[in-house]
J.: 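Quick one: structure below, then a few questions.
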Amino acid sequence: MHSPSYSFPVLSAQRAKAFEASVVSSMEEEWLFMQRAGRGIAQQVISDYQELRPLPESLRILVIAGKGHNGGDAMLACNQLLGDLPRASVTLLTTCTSESMKPLAKRAYEDLKGRVLEYLISEDATIESIAAILNQCNASRGFDICLDGLLGIGFESPIRGSLKNLIEATNEYTEIGLRASVDMPSGLTGSSESISFCADFTYATGIVKALHVSGMSNLGRVHLIDLGFFDTSAKSEEKVAVEHAKAAKLIQSAEFFLSDRVLDPVRRLRPANVDKRTFGHLFIIGGSAYMPGALLMAVQAAVRSGAGLVTAFAPASIASSLAARVPEAMWIPWPESSNGTLDPRANGLLMERIGRATALLIGPGMGSDRNTEMIAQEVIKRVDLPIVCDADALNNRALELVLKRSTRSGPVVLTPHMGEFMRIAKLDREEVSTESLLHYSQSNKVITVLKGPITQICDGHKVWYNSFGGPVLSRGGSGDMLAGLIGGFIAQNNNEVTESVLQAVVLHGQAAEYLAREQGQVTVQTTQVLNFLSIVLRGG
């Protein structure tokens, strides 16, 4: 519905509620969606837990559940986990009796009843009394997973009494490995004064809401559990037409949340009658005598992107040593300035070869001085190919020239982190609204990849959010590898630059998650992410 199959519109809470009502036509259909949510949450939380440690045989799960559908989803997830993991155990803390639960939440509770250790939190329960319950049932080793399904997005703020105390007691309880919220952390409203559950992960069920992409710390990392709300493939033409008419106004959005379906075209078999020239030729300009690593990582990633050919222009003093590390690339030694940076007087090395390239990446490890600034300016001014500007190529004098490029020239892609974006966009604070990102990209005629916990990709008309990745990418070199992947994907498909960027960003993030599940988030090297690219594309 008005968006590619790989992205989902981001809606306000009010529009999300109205859209869901337009899609779900009966209680039985709603029950089917809840069952999908339960299965999806169970599968996702097991994958996410493995970033912490291998899954224990006797998994201990704590659930805090209220009377609504989020509580029902959490209980259905536990039902699935108990079926998949026979030695798992569940402790259920509820704030209401089954009689006061909504019908479908009660149905989920009845399916789980008798298989869990259950506590009813009374209206006069204190933080201390709830903590005592948690200590009583933790069997001396705490809980591996806590699932929060206490409150839905439509709760009335502020939270008081036992609900508030249950959230605070659970937040303060240290013997929990992973904390995950169903749809939205209980109590989260966007107000800094509100008390809410502190989640490591939030599982958006069916629809991504605006609050999910707000970057609030209590959300943790956000994963979409796709329930099929936007999938029309299994519906009759008549029903699809009705849903379109009802939903069209509700899902108008400039913001979209990415799924890994964006990688589907890359996961197909390649044609048989091809050679290396079929898959593009990426030129990379970067490096300096004192920063060879960034260029090396960008080239390594570009080679692993599937590009047919990669040519790297490196400072003469380090070109041969880097070539020995990545012999698959072609290495062109570039004369250096007295600072050990690339000498702009050698631009002819690039221009005499540029006709062979299909895309160009400039910046990784290049260093920031007048010499590199001049090279970046010359590239933007004279190269008509799609250009990726990363790191030291993100200088204002060079970027001002983008507006003077011919309409026949390829797009310019910028890959700043927040600090770099504040500089080039002349911002005072680390706050970037959708409107300001759209305005910057549109007025400067660039595609912006704003890297962060949730990476935002903007072409001036839409913003896509990528939540794949996580803290394993919070280390030096991650951005250099992403730049190499983006350049490599664009080189292969320079007629669809935006889609190539989206594919590279998602692949990079998912590979990082696979690495974290295999070896944890802490004691890994940045370049190990590259070893998991093929696993992502081959379906894990």
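Every heavy atom of this structure was used, including side-chain atoms; hydrogens, water molecules and symmetry mates were not. Along the sequence shown, residues carry numbers from 1.
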J.: Is it true that a side-chain atom of Asn70 and a backbone atom of Val182 form a donor plus acceptor pair closer than 3.5 Å?
T.: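 Yes: the side chain of Asn70 pairs with the backbone of Val182.
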J.: Name all residues meeting the salt bridge (Lys or Arg N to Asp or Glu O under 4.0 Å) criterion together with Arg325; count only those two or more places apart in sequence or in a different chain, and write none if there are none.
T.: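 Partners of Arg325 under the salt bridge (Lys or Arg N to Asp or Glu O under 4.0 Å) test: none.
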J.: Compare all side-chain heavy atoms of Arg356 with those of Leu309 and state whether any distance is below 4.5 angstrom.
T.: no
J.: Ring-plane angle category for His223 and Tyr203, please: parallel below 30°, perpendicular beyond 60°, tilted otherwise.
T.: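 Judged by the thresholds at 30° and 60°, the geometry between His223 and Tyr203 is parallel.
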J.: Could you tabulate the donor-acceptor pairs under 3.5 Å formed by side-chain atoms of residues 298-307, not counting sequence neighbours?
T.:
| unit_1 | atom_1 | unit_2 | atom_2 | d |
| --- | --- | --- | --- | --- |
| Arg304 | NH2 | Leu530 | O | 2.8 |
| Ser305 | OG | Ala302 | O | 2.6 |
| Ser305 | OG | Ala307 | N | 3.3 |

J.: Has Thr455 got a side-chain atom pairing as donor or acceptor with Asn466's backbone, closer than 3.5 angstrom?
T.: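 Side chain of Thr455 to backbone of Asn466, a donor-acceptor pair under 3.5 Å: no, none is there.
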J.: Going by salt bridge (Lys or Arg N to Asp or Glu O under 4.0 Å), name the pairs with one or both residues in residues 505-516, residues two or more places apart or in two chains.
T.: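 Matches after skipping sequence neighbours: Arg221-Glu513, Glu513-Arg517.
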J.: Got a donor-acceptor contact below 3.5 angstrom from the Ser288 side chain to the Gly365 backbone?
T.: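 Yes, because the side chain of Ser288 sits within donor-acceptor range (under 3.5 Å) of the backbone of Gly365.
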J.: Would you check if Phe8 and Arg261 make a side-chain contact, meaning some heavy-atom pair closer than 4.5 Å?
T.: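 When only atoms from C-beta onward are counted, Arg261 and Phe8 do touch, with a gap below 4.5 Å.
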J.: Are the side chain of Ser259 and the backbone of Tyr6 linked by a donor-acceptor contact shorter than 3.5 Å?
T.: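 Yes, because the side chain of Ser259 sits within donor-acceptor range (under 3.5 Å) of the backbone of Tyr6.
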J.: Could you report the tightest heavy-atom contact between Ile207 and Leu224, atom names first, then the distance?
T.: N-CD1, 4.1 Å
J.: Ignoring hydrogens and geometry, is there a side-chain-to-backbone donor-acceptor pair from Arg53 to Gly520 under 3.5 Å?
T.: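 Answer holds: no.
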J.: I'd like to know if the side chain of Asp144 reaches the main chain of Gly177, judged simply by a donor and an acceptor atom lying under 3.5 Å from each other, with no hydrogens or angles considered.
T.: no
J.: Go through the side-chain N and O atoms of His281 and Thr311 and say whether any donor and acceptor fall under 3.5 Å apart.
T.: yes
J.: In the structure I gave you, are the side-chain heavy atoms of Met184 and His212 within less than 4.5 Å of one another anywhere?
T.: yes
J.: Could you check whether any side-chain N or O of Ser436 sits under 3.5 Å from a backbone N or O of Val432, counting only pairs where one atom can act as donor and the other as acceptor?
T.: no
J.: Does Phe257 have any ring pair (Phe, Tyr, Trp, His ring centres under 6.0 Å) partners at least two apart in sequence or in another chain, and if so, which?
T.: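 So Phe257 forms no ring pair (Phe, Tyr, Trp, His ring centres under 6.0 Å) with any residue.
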J.: If you draw a 6.0 Å radius around CD in Glu328, do more than 12 non-hydrogen atoms from other residues or ligands fall strictly inside?
T.: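 Result for CD/Glu328: enclosed.
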J.: Parallel, tilted or perpendicular for Phe230 and Phe19, by the 30°/60° rule?
T.: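 Phe230 vs Phe19 ring planes: parallel.
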J.: If you apply the rule side chain to side chain contact (heavy atoms under 4.5 Å, CB included), what do you find for Val524 with Leu515, and how did you get there?
T.: CA-CA 8 Å; Val524 296; Leu515 168 61; 4.1 Å; yes
J.: Indicate the atoms forming the closest heavy-atom contact of Leu361 with Asp390, along with that distance.
T.: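 Scanning both residues completely, I find the closest heavy atoms to be CD1-CB, 4.1 Å.
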J.: Has Arg270 got its NZ or CZ under 6.0 Å from the middle of the six-membered ring of Phe279, at an angle within 45 degrees of the ring axis?
T.: yes
J.: Output side-chain donor-acceptor pairs under 3.5 Å for residues 482-491, partner residues at least two apart or in another chain, one line each.
T.:
none

J.: For Asp84, give me all partners under salt bridge (Lys or Arg N to Asp or Glu O under 4.0 Å), at least two apart in sequence or on another chain.
T.: none
J.: Under a 3.5 Å distance rule, please check whether Arg405 uses its side chain to pair with a backbone N or O of Val383 as donor and acceptor.
T.: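 Checked: pair present.
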J.: For Leu219 versus Leu211, what's the shortest heavy-atom pair and its separation?
T.: CD1-O, 3.1 Å
J.: Any sub-3.5 Å donor-acceptor pair from Gln503's side-chain atoms to Val262's backbone N or O?
T.: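 Checking the backbone N and O of Val262 against the side chain of Gln503, a donor-acceptor pair under 3.5 Å is found.
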J.: For Asn494 and Thr358: C-alpha separation, side-chain torsions, deciding distance, then whether side chain to side chain donor-acceptor pair (under 3.5 Å) applies.
T.: CA-CA 7 Å; Asn494 63 9; Thr358 55; 4.7 Å; no
